[in-house]
Amino acid sequence: MRQPQPPDGPPASTRQSPLRAINRSRGTVLCARLENAGGRSGQSRGLLGRDGLEPGTGMLFDNGRFTPFMWMHMFFMRFAIDIVFLGRGNTVIKINRRLRPWRVSSIVIGARTALELPAGAADESSTQVGDQITLEPVN
């Protein structure tokens with residue numbers, strides 16, 4: 001029996017395995033290897049304690065099904081990142097570029113997923129608001 005797949009996210013079977021984020025609108029790779037932040041414990045920790053992100057890596061955060069907005073904080077962080085917020089259908093609805101430590105991101109209404117990426121990753125992949133992102137398993 002096949003499990004139902006949520007309309008906006010990756011298949012349930014791939015949620016814990018690494019994913020990559022492809023910008024279908026631009027034909028570029030936004031992130032070659034996304035680590036799923038996991039449940040509440042993983043999401044509260046996020047990138048804390050790390051010295052940086054390797055190029056091509058990132059972290060995926062899923063919003064609660066009934067939470068109308070997302071925001072991220074950079075408290076206790078040691079490095080800047082890009083945060084790409086995805087809405088319904090994995091469409092980019094907001095990008096916070098080069099968000100520095102001890103700052104907070106934008107509050108993004110309608111965000112269902114956030115990708116935390118190395119600073120500059122959004123620019124390197126030419127990702128813009130309105131772009132369509134596909135999350136797929138890493139082979």
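Just so you know, these numbers come straight off a predicted model, no measurement behind them. Any value given below was found using the heavy atoms of this structure, including those in side chains, with hydrogens, waters and symmetry copies removed.
- Between the side chain of Ser25 and the backbone N or O of Gln132 there is at least one donor-acceptor pair closer than 3.5 Å.
- In this structure, Asn36 and Asp62 approach most closely via the heavy-atom pair ND2-OD2, 4.3 Å.
- The heavy-atom pair separating Ala80 from Met74 by the smallest distance is CA-CE, 4.4 Å.
- Heavy-atom minimum distance, Ile133 versus Ala21: CG2-CB, 4.0 Å.
- When all heavy atoms of Met70 and Phe61 are compared, the pair lying nearest together is CE-O, 3.9 Å.
- Side-chain contact between Leu60 and Leu19 is present, with heavy atoms from C-beta onward closer than 4.5 Å.
- Side-chain heavy-atom separations under 4.5 angstrom define the hydrophobic clusters, and the remaining members of the one that includes Val29 are Ile22.
- Applying the side-chain hydrogen bond (donor to acceptor under 3.5 Å, both in side chains) test to residues at least two apart or on different chains, the pairs with a partner in residues 100-109 are Asn96-Ser106.
- Residues that satisfy the side-chain hydrogen bond (donor to acceptor under 3.5 Å, both in side chains) test with Thr134, not counting sequence neighbours, are Arg24.
- Closest approach of Cys31 and Gly56 over heavy atoms only: SG-O, 3.5 Å.
- Under the 4.5 Å side-chain criterion, counting only non-hydrogen atoms from C-beta, Leu117 is not in contact with Ile83.
- Counting heavy atoms from C-beta outward, Asn63 and Thr113 have side chains that stay 4.5 Å or more apart.
- Here Ile107 pairs with Phe69, Trp71 under the side chain to side chain contact (heavy atoms under 4.5 Å, CB included) rule; sequence neighbours left out.
- Under the rule for a side-chain hydrogen bond (donor to acceptor under 3.5 Å, both in side chains), Glu124 has no partner lying at least two apart in sequence or in another chain.
- Contacts of Asn23 classified as side-chain hydrogen bond (donor to acceptor under 3.5 Å, both in side chains), with partners at least two apart in sequence or in another chain: Thr127, Asp131.
- Pairing each heavy atom of Leu86 with each of Asn90, the nearest pair is CD1-OD1, 4.0 Å.
- Cluster membership for Met59 and Phe79, using ILVMFWY side-chain heavy atoms within less than 4.5 angstrom, is shared.
- Looking at residues two or more places apart in sequence or on another chain, you find no side-chain hydrogen bond (donor to acceptor under 3.5 Å, both in side chains) involving Thr57.
- Once rounded to the nearest 0.5 Å, the distance linking CG of Leu99 with CD of Glu116 reads 9.0 Å.
- Inter-residue side-chain proximity for Met72 and Phe85 is flagged as met; some heavy-atom pair is nearer than 4.5 Å.
- Considering only residues two or more places apart in sequence or on other chains, Arg97 meets the side chain to side chain contact (heavy atoms under 4.5 Å, CB included) condition with Asp82, Ile95, Ala122, Asp123, Gln128.
- Under the 3.5 Å distance criterion, the side-chain polar atoms of Thr28 are matched with a main-chain donor or acceptor of Ser125.
- At a threshold of 4.5 Å between non-hydrogen side-chain atoms, the residues Arg20 and Arg33 do not count as touching.
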